[in-house]
Amino acid sequence: QVQLVESGGGLVQAGGSLRLSCAASRHTFGTYAMGWFRRAPGKEREFVAVISWGGGSIYYADSVKDRFTISRDNAKNTVALQMNSLKPEDTAVYYCAAGRVTTTQTMEYDYWGQGTQVTVSS
């Protein structure tokens with residue numbers, strides 16, 4: 001079992017930045033691919049970014065490419081999402097997730113955090 005706890009959400013103006021962090025409970029964190037997803041009001045959960053267990057493979061959704069950066073520190077069991085140039089359409093609950101496969105597919109992830117709210121005002 002892997003427990004994930006997100007932090008770092010909040011309210012920010014358009015054009016601003018936030019850094020989300022996800023802390024994992026298990027020492028085998030380094031064997032999992034880590035993804036970030038989000039769910040906006042009235043919409044389904046969508047993929048944002050994923051990083052492979054060793055950090056060698058990274059993928060982003062087109063909507064966040066060149067604005068968001070995913071990173072991980074296996075020694076600290078953490079994964080981060082640096083979000084720059086935020087837009088109102090980035091408003092959502094953001095979730096981190098752990099899975100055995102580096103994928104954009106929600107169903108492939110085994111463990112999920114509780115989510116953290118990001119609100120971008122115009």
Side-chain angles (χ1 to χ4, degrees):
Q1 189 79 3
V2 179
Q3 292 184 327
L4 303 172
V5 179
E6 303 96 336
S7 61
L11 173 64
V12 64
Q13 288 188 331
S17 298
L18 280 175
R19 184 177 178 84
L20 305 183
S21 184
C22 175
S25 63
R26 193 166 177 176
H27 71 280
T28 56
F29 169 83
T31 65
Y32 288 87
M34 296 300 298
W36 284 97
F37 293 78
R38 66 187 182 187
R39 177 177 285 161
K43 296 186 177 181
E44 294 189 354
R45 190 175 299 186
E46 66 174 3
F47 166 76
V48 175
V50 60
I51 185 168
S52 61
W53 66 269
S57 296
I58 291 175
Y59 303 100
Y60 296 99
D62 289 342
S63 59
V64 307
K65 200 172 295 183
D66 299 325
R67 298 189 297 123
F68 290 10
T69 302
I70 189 171
S71 61
R72 68 187 297 159
D73 185 338
N74 287 346
K76 297 182 178 179
N77 288 1
T78 59
V79 60
L81 185 69
Q82 177 66 42
M83 306 185 296
N84 298 329
S85 302
L86 283 162
K87 305 175 181 179
E89 51 263 44
D90 293 318
T91 295
V93 177
Y94 283 71
Y95 302 86
C96 70
R100 291 297 187 182
V101 182
T102 304
T103 177
T104 64
Q105 302 301 307
T106 305
M107 66 183 69
E108 297 291 339
Y109 287 81
D110 302 313
Y111 304 103
W112 293 83
Q114 82 290 348
T116 185
Q117 176 71 47
V118 171
T119 303
V120 184
S121 63
S122 57

Step by step, work out the side-chain contact (heavy atoms from CB on, under 4.5 Å) result for K76 and S21. CA-CA 11 Å; K76 297 182 178 179; S21 184; over 6 Å; no
As a quick check of understanding, evaluate side-chain contact (heavy atoms from CB on, under 4.5 Å) for L86 and Q13, giving each step before the final call. CA-CA 8 Å; L86 283 162; Q13 288 188 331; over 6 Å; no
Take M83 and W36 through the side-chain contact (heavy atoms from CB on, under 4.5 Å) test and state the conclusion after the steps. CA-CA 12 Å; M83 306 185 296; W36 284 97; over 6 Å; no
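Side-chain atoms of N74 never come within 3.5 Å of backbone atoms of G54 as a donor-acceptor pair (strictly under, hydrogens ignored). Remark: the backbone N or O of G115 is paired with a side-chain donor or acceptor of E6 at under 3.5 angstrom.
D90 and K87 are not joined by a salt bridge, as no carboxylate oxygen comes within less than 4.0 angstrom of a charged side-chain nitrogen.
Considering all non-hydrogen atoms of both residues, Q117 and A92 come closest at NE2-O, 3.4 Å. Residue N84 comes nearest to S17 through the heavy atom pair OD1-OG, 2.9 Å, listed as atom of the first residue, atom of the second, then distance. Smallest separation of non-hydrogen atoms from L4 and A98: CD1-N, 3.7 Å. Closest approach of V64 to V48, counting heavy atoms only: CG2-O, 3.5 Å. The two atoms that bring Y59 and F47 nearest to each other are O-CZ, 3.5 Å, heavy atoms only.
Considering CZ of F37 and CD of E46, their distance stands at 10.0 Å, rounded to 0.5 Å. Here the OH atom belonging to Y60 is positioned 12.0 Å from the CZ atom belonging to R67, to the nearest 0.5 angstrom. The structure places CG of L81 at 10.0 Å from CG of L18, a figure rounded to the nearest 0.5 Å. Put simply, OG1 on T102 and CE on M34 are 11.0 Å apart, with the number rounded to the nearest 0.5 Å. Atoms CD1 and CD, on I70 and Q82 in that order, are 12.5 Å from each other to the nearest 0.5 Å. Interatomic distance, R72 CZ to W53 CH2, rounded to the nearest 0.5 Å: 9.0 Å.
If you chain together hydrophobic residues whose side chains sit under 4.5 Å apart, Y111 and V79 fall into the same group. Tracing side-chain contacts under 4.5 Å through hydrophobic residues (I, L, V, M, F, W, Y), one never reaches W112 starting from V2; they form parts of separate clusters.
Note on ring orientation: taking the six-membered ring where Trp is involved, the planes of Y94 and F68 are tilted (angle from 30° to 60°).
Within a 6.0 Å sphere centred on CD of Q3, other residues, nucleotides and ligands contribute 12 heavy atoms or fewer.
Identified under the disulfide bond (SG atoms under 2.5 Å apart) test for residues 18-122, with sequence neighbours left out: C22-C96.
No cation-pi contact links R38 to Y95, judged by a cut-off of 6.0 Å to the six-membered ring centre and 45° from its axis.
Listed by chain and residue number, V101, Q105, E108, Y109 satisfy the side-chain contact (heavy atoms from CB on, under 4.5 Å) test with T103 (two or more places apart in sequence, or in another chain).
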